[in-house]
Amino acid sequence: MTERRSAWFPQRGDLAQDGRSGRTGVVVSLPEDTGTDTYHLCDFGGGDEWSVLRAHLVQPDEAHGPLLLSDRLTKWAQDRDIGERAAVDALIEEGDILARGDVRDLLIVESETVVFCDWPRFEAQYRCALVLDEGEDAFLTLVLATAFPRLVPLWKVEVLGDRRLGIVLRALACLAGSGTIVVGSRS
């Protein structure tokens with residue numbers, strides 16, 4: 001373990017654990033940035049930075065620390081239906097909305113042993129409880145429709161087949177005014 005720790009030099013964006021406090025964060029500043037033996041970490045998704053001496057940094061897999069929320073959600077979604085898996089993937093890929101504390105507080109149920117998306121609670125409250133711009137609202141509306149494709153005719157994509165699905169996706173991109181998104185190939 002000592003050998004491994006001494007050979008590990010985290011880079012910006014890496015996940016690291018503060019061995020003294022047990023907090024896990026993202027490396028945002030390296031010792032060479034400050035001319036010291038200190039790294040600066042920040043909570044995943046933002047928040048206050050804190051300093052950690054190199055000697056006190058631990059690799060998260062060594063510390064058996066908590067996985068990132070995105071990793072835990074992905075693991076939870078593996079056992080869910082395809083709509084929920086796609087919705088979780090979309091939230092993780094987009095990143096900005098899931099990084100908002102107010103969104104996480106409303107959508108994510110989390111404890112030391114479990115994490116999951118409470119889609120019904122979120123759907124019932126998000127328009128009243130959150131301040132969203134038009135793009136965020138549209139994105140969340142479509143993510144919810146993906147999580148619950150049976151509530152709207154979105155479930156019909158399951159029977160389209162590749163050719164028709166590509167046509168519909170291109171039509172949606174056109175409807176959104178996007179001429180830059182490439183979807184499949186035309187046959």
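Keep in mind that what you see is a predicted model, and the values were worked out from it rather than measured.
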What verdict does the side chain to side chain contact (heavy atoms under 4.5 Å, CB included) test give for Leu91 and Leu107, after you've listed the backbone C-alpha separation in whole Å, the side-chain angles of each residue and the deciding distance to 0.1 Å?
CA-CA 11 Å; Leu91 284 168; Leu107 175 62; 3.6 Å; yes
If you take all heavy atoms of [X] and [Y], which pair is closest and at what distance?
| X | Y | answer |
| --- | --- | --- |
| Ile92 | Ser70 | CD1-O, 3.4 Å |
| Thr36 | Pro31 | O-CB, 2.9 Å |
| Phe139 | Ala90 | CZ-O, 3.6 Å |
| Asp81 | Ala147 | OD1-O, 4.3 Å |
| Ala55 | Asp37 | N-OD2, 4.5 Å |
| Ala86 | Thr146 | CB-CG2, 3.5 Å |

Mind checking what makes salt bridge (Lys or Arg N to Asp or Glu O under 4.0 Å) contact with [X], not counting sequence neighbours?
| X | value |
| --- | --- |
| Asp118 | Arg121 |
| Asp105 | none |
| Asp137 | Arg127 |

Check this for me: [X], atom [atom1], are more than 12 non-hydrogen atoms of other residues, nucleotides or ligands nearer than 6.0 Å?
| X | atom1 | result |
| --- | --- | --- |
| Ile82 | CD1 | no |
| Asp162 | CG | no |
| Glu93 | CD | no |

Are [X] and [Y] close enough that some pair of their side-chain heavy atoms sits under 4.5 Å apart?
| X | Y | value |
| --- | --- | --- |
| Val28 | Arg12 | no |
| Leu69 | Ile108 | yes |
| Val103 | Phe122 | yes |

Would you say Arg104's side chain and Leu98's backbone share a donor-acceptor pair under 3.5 angstrom?
yes
Can a donor-acceptor pair be found, under 3.5 Å and without considering hydrogens, that links the side chain of Arg85 to the backbone of Arg80?
yes
Run the numbers on Leu41 and Glu49 for side chain to side chain contact (heavy atoms under 4.5 Å, CB included), then give the verdict.
CA-CA 5 Å; Leu41 304 179; Glu49 291 183 19; over 6 Å; no
From [X] [atom1] over to [Y] [atom2], what is the distance, rounded to the nearest 0.5 angstrom?
| X | Y | atom1 | atom2 | value |
| --- | --- | --- | --- | --- |
| Glu94 | Glu136 | CD | CD | 7.5 Å |
| Glu84 | Asp89 | CD | CG | 12.0 Å |
| Cys117 | Leu106 | SG | CG | 11.0 Å |
| Phe9 | Tyr39 | CZ | OH | 6.5 Å |
| Asp102 | Tyr126 | CG | OH | 13.5 Å |
| Arg20 | Trp50 | CZ | CH2 | 15.0 Å |

With side chain to side chain contact (heavy atoms under 4.5 Å, CB included) as the test, would you mind laying out the steps for Trp76 and Val88 before giving the verdict?
CA-CA 9 Å; Trp76 165 76; Val88 167; 3.9 Å; yes
Same cluster or not: are [X] and [Y] linked, directly or through other Ile, Leu, Val, Met, Phe, Trp or Tyr residues, by side-chain heavy atoms under 4.5 angstrom apart?
| X | Y | result |
| --- | --- | --- |
| Leu140 | Val109 | yes |
| Leu144 | Leu130 | yes |
| Leu142 | Leu73 | no |

Verdict with reasoning, Leu30 to His40, per side chain to side chain contact (heavy atoms under 4.5 Å, CB included):
CA-CA 7 Å; Leu30 305 174; His40 294 270; over 6 Å; no
